[in-house]
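Everything on this sheet refers to the single structure shown next.
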There are 2 protein chains.
Amino acid sequence: MNLINREAGEPGLSVPCWGIFNLALKGPAAGNPYRDIRLEAIFRHGNRTLRTRGFYDGDGMYRVRCMPDALGDWSYVTSSNIPELAGIEGSFRCSKPAPGSRGPVRVRDEYHFAYEDGTAYYPFGTTCYAWTHQEDRLQEETLHTLSQSPFNKIRMCVFPKNYSFNGTEPELFPFEGNPRDGFDFTRFNPMFFRRLEKRIVELQQLGIEADLILFHPYDKGRWGFDAMPPHADELYLQYAIARLSPYCNVWWSLANEYDFMKAKAPSDWDRLFRIVQTEDPYDHLRSIHNGTRMYDPESVVMYDHGKPWVTHCSIQHWDVNLAHEWQKLYRKPVVIDECGYEGNIPQRWGNLTGEEMVRRFWDGVTRGGYVSHGETFIHPEDEIWWAKGGRLYGDSGPRIQYLRRVLEQAPPGLKPLPVRDVPTIGIAGEYYLQYFGIHRPAYRVVDLPDDAQFNIQLLDTWTMESVPLDGTFTGSCRVELPGKPYMGLLITKLT
Amino acid sequence: MNLINREAGEPGLSVPCWGIFNLALKGPAAGNPYRDIRLEAIFRHGNRTLRTRGFYDGDGMYRVRCMPDALGDWSYVTSSNIPELAGIEGSFRCSKPAPGSRGPVRVRDEYHFAYEDGTAYYPFGTTCYAWTHQEDRLQEETLHTLSQSPFNKIRMCVFPKNYSFNGTEPELFPFEGNPRDGFDFTRFNPMFFRRLEKRIVELQQLGIEADLILFHPYDKGRWGFDAMPPHADELYLQYAIARLSPYCNVWWSLANEYDFMKAKAPSDWDRLFRIVQTEDPYDHLRSIHNGTRMYDPESVVMYDHGKPWVTHCSIQHWDVNLAHEWQKLYRKPVVIDECGYEGNIPQRWGNLTGEEMVRRFWDGVTRGGYVSHGETFIHPEDEIWWAKGGRLYGDSGPRIQYLRRVLEQAPPGLKPLPVRDVPTIGIAGEYYLQYFGIHRPAYRVVDLPDDAQFNIQLLDTWTMESVPLDGTFTGSCRVELPGKPYMGLLITKLT
């Protein structure tokens, strides 16, 4: 959509805000241009400069990309360690965003997110780690499923995955080479990255953020991508960020289950985080996702989400009820990106009922956090959503959509409120969303301000019925409840 | 049943083992005999001596009780600070236990319990804090309900309770005085203790251990029993233990929610524990039950179950899955005596479904712990089981009975086994009990020894069906599961 291929010198070009300006340059193909040729560009908008790295795209073609984020005139000039790529100048005009384009997602109000245009963004993520490494038919099916789903974020790995239910050899690899003879970590495979970029754009068209997992432990010596030497990690990050950072829906997840990657220590993650921060001119969201370790000052294996380059917490933990504790600890948005998956595989983390998956969403959200989905149903061809994508078979999707709709209709800036016995987010005196979860009280005494009138809706988060209660409410009032689990109350002040 | 009233000097008396020898002596009624008259007896069995404290029972009557625990001849001699109660001698014969009498419950195998006769004891407790402070009709109904229930332990308070749903003024108090004029903490009310003893004996007849809560915070200034001065606490413990310790089904719970008792610091609990240990010649089980605080080395409000006078952990925590962690931390039996109650009251801890109550039992037990029950359904007269006793309305009782039956048919000494993804207790190579809880795998690969054959039963812990699977099993074998929650497997070696 926003991709514009442009030869150097073409005049009068217009690029929509948060689209991509793409400068393509011919240059040498001999030797190892990936490693040996440095290409950069300085983009200027008024007095502001934005430095980006170019990249070699194979066949003697070099590219520099830029995602303009402000309307008006932009100019650029390249620099390089070879003369023919240096000093190339040009300009373009940044026009208003394409319809539906809202810019990258940023942290807002300490614990929340918003698109750069100010629209609130509530992450409702899902997980398809290796979907871009499957055959095309399956990738297309995944996109179709996503288009019918409630999800606006997807956790996905750059590198292929070698794991239970994930034995298939991928067609493309990020590096030159092959599994038999090994890979050359100094030479990239442009085909691999072009396909990934295509999928990122398609996600963007569906309004879905691509939470790209840069490293992961699911390699186990098969390809070696989990244990590359430090200079290879750095070259890979430079190349990937040069190519991918101009896509406005990209988030960086430094690693999945980083604590399972035995070749890297916490200090390595510091270094890699700093590389990402340095290389990405757009300051996309950055996180790191734990396996079994949470923050523990006594442990050397922990990673501290409080570090300055971590924009938000990406947490694996089954107990979403800790969301507010993590908020208080890290003072950042808490996304419980893995709390177990709906499904029926033998692994403990992959056989939750739909009810339990939905409960975890609601219990996390009404404590101020965000929760992600995944699905792991046994499939005759191992086409399991959490890894390969494909189709969804579970019951949680429509219920997650229901919750998303409730949140998107809420006023922005909801905070956990100190209400006894039931998790509640809201704005005191204005709006309360509370959730009883597995608890099933026969009634609830709701303490509302005496000087205003409120409407109360009873939410059945499983049947997705929102039933307005008769009358209006004020002060301390008793609300009869149906005495069954998974109920909520939505309380709004009458204006 | 085992109460034998005896005047000094009566010859040829026989007392069943773990029954009660009761020496009744006439003495002075003037002044304050509760506080000022000291009466003790030394009981001898062979070379062994057992020292017990006597007590004043009102109306000029003094009593000394003894629970003999070894067959054969016992003799005694009293001592006192007044001559007429000192130097009284006598003897009795300890005969074989009454049918069904197995002696006090002791810790066995580090994490388990057994009666003194060696029979395994699996605690399946319930909670009726204030049942002995209700009208007689209700007390009788409670006993009837217990007789039909799976429970073999009850948590109950000595002092009356002032709390939500517990406003009724009790008929009897442990001290002389009344709520209007105050109480004299140096003068006891024998009527109060006689009624309590009667209920303890009736529980014994039902095979139920009386887990007596000696202090609790649910007074809040109404009677003052939660904030007595240290010497009054000590006098109360001496008197209560002199009267109650000879009942073989008594356990001492130093306090319920001790951390909510603002008038006492951890050092007070040390002192009170040592008094109980010193006063009780029979070494009944001793524990202390937390409110919101668990063991935390940083906190001054914690109480450390590792202290030598604590025989087992009596824990309040909703997450029974931590049972094995507490075992490892304290090296003592773990009884999660409060993990929430089946019911529908507004309070978060009192509105679990039957399914969730039963799940907590199974999840705790298959991690090596024990779990207690409670029930809190709204009732028109506030006759709520957890506080007042009465009737049970929930669904968990029969399912708890089912679990109890499974455990009582198991070999003794079950230990948590390191099985991935599913909590399992058993004896490696012999017996495995595993529970899937809220998880619902479609199948399970069970790793059994290659050199033996096993039977496998599929347990539906909710419908209480135990279905033997066809054939026998050996080595690594795949077991198909119904893909629904609350299932278990019971695997036993063929002999």
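Below, read A as the first sequence line, B as the second, and so on, with proteins coming before strands; counting in each chain starts at 1. When reading the values below, keep in mind they use all heavy atoms of this one structure, side chains included, and skip hydrogens, waters and symmetry mates.
Within residues 385-392 of chain A, no residue has any heavy atom under 4.5 Å from a heavy atom of chain B.
Looking at A/Ile378, only its side chain comes within 4.5 Å of chain B, counting heavy atoms on both sides. If you measure heavy-atom distances from A/Glu356 to chain B, the contacts under 4.5 Å come from the side chain alone. Looking at A/Val445, neither its backbone nor its side chain comes within 4.5 Å of chain B, counting heavy atoms on both sides.
In terms of heavy-atom pairs under 4.5 angstrom with chain A, the leader among B/Pro485, B/Gly483, B/Gly343 is B/Gly343. Ranked by heavy-atom pairs shorter than 4.5 Å toward chain A, the options B/Val422, B/Leu352, B/Asp319, B/Ile345 are led by B/Leu352. Chosen from B/Thr353, B/Leu481, B/Ile438, the residue pairing most often with chain A at heavy-atom distances under 4.5 Å is B/Thr353.
For A/Lys161 and A/Asp219, the salt-bridge test fails: no basic side-chain N is under 4.0 Å from an acidic carboxylate O.
Defined by atom type and a distance below 3.5 Å, a donor-acceptor pair is missing between the side-chain atoms of A/Asn166 and A/Tyr129. Side chain to side chain, B/Tyr393 and B/Glu342 fail the donor-acceptor criterion of an N or O pair below 3.5 Å. Side-chain contact of B/Tyr341 with B/Gln347: a donor-acceptor pair under 3.5 Å is absent, judged by distance alone. Counted by atom type alone, A/His289 and A/Asp337 present zero donor-acceptor pairs between their side chains at under 3.5 Å.
Rounded to the nearest 0.5 angstrom, A/Tyr402 OH and A/Thr461 OG1 are separated by 7.5 Å.
Ring centers of B/His305 and B/Trp326: at least 6.0 Å apart, outside the cut-off.
Using a 4.5 Å cut-off on side-chain heavy atoms (C-beta onward), A/Val446 and A/Ser476 make no contact.
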> Given B/His373 and B/Phe361, is the side chain to side chain contact (heavy atoms under 4.5 Å, CB included) satisfied, shown in steps?
Replying inline: CA-CA 8 Å; B/His373 164 269; B/Phe361 267 78; 3.7 Å; yes
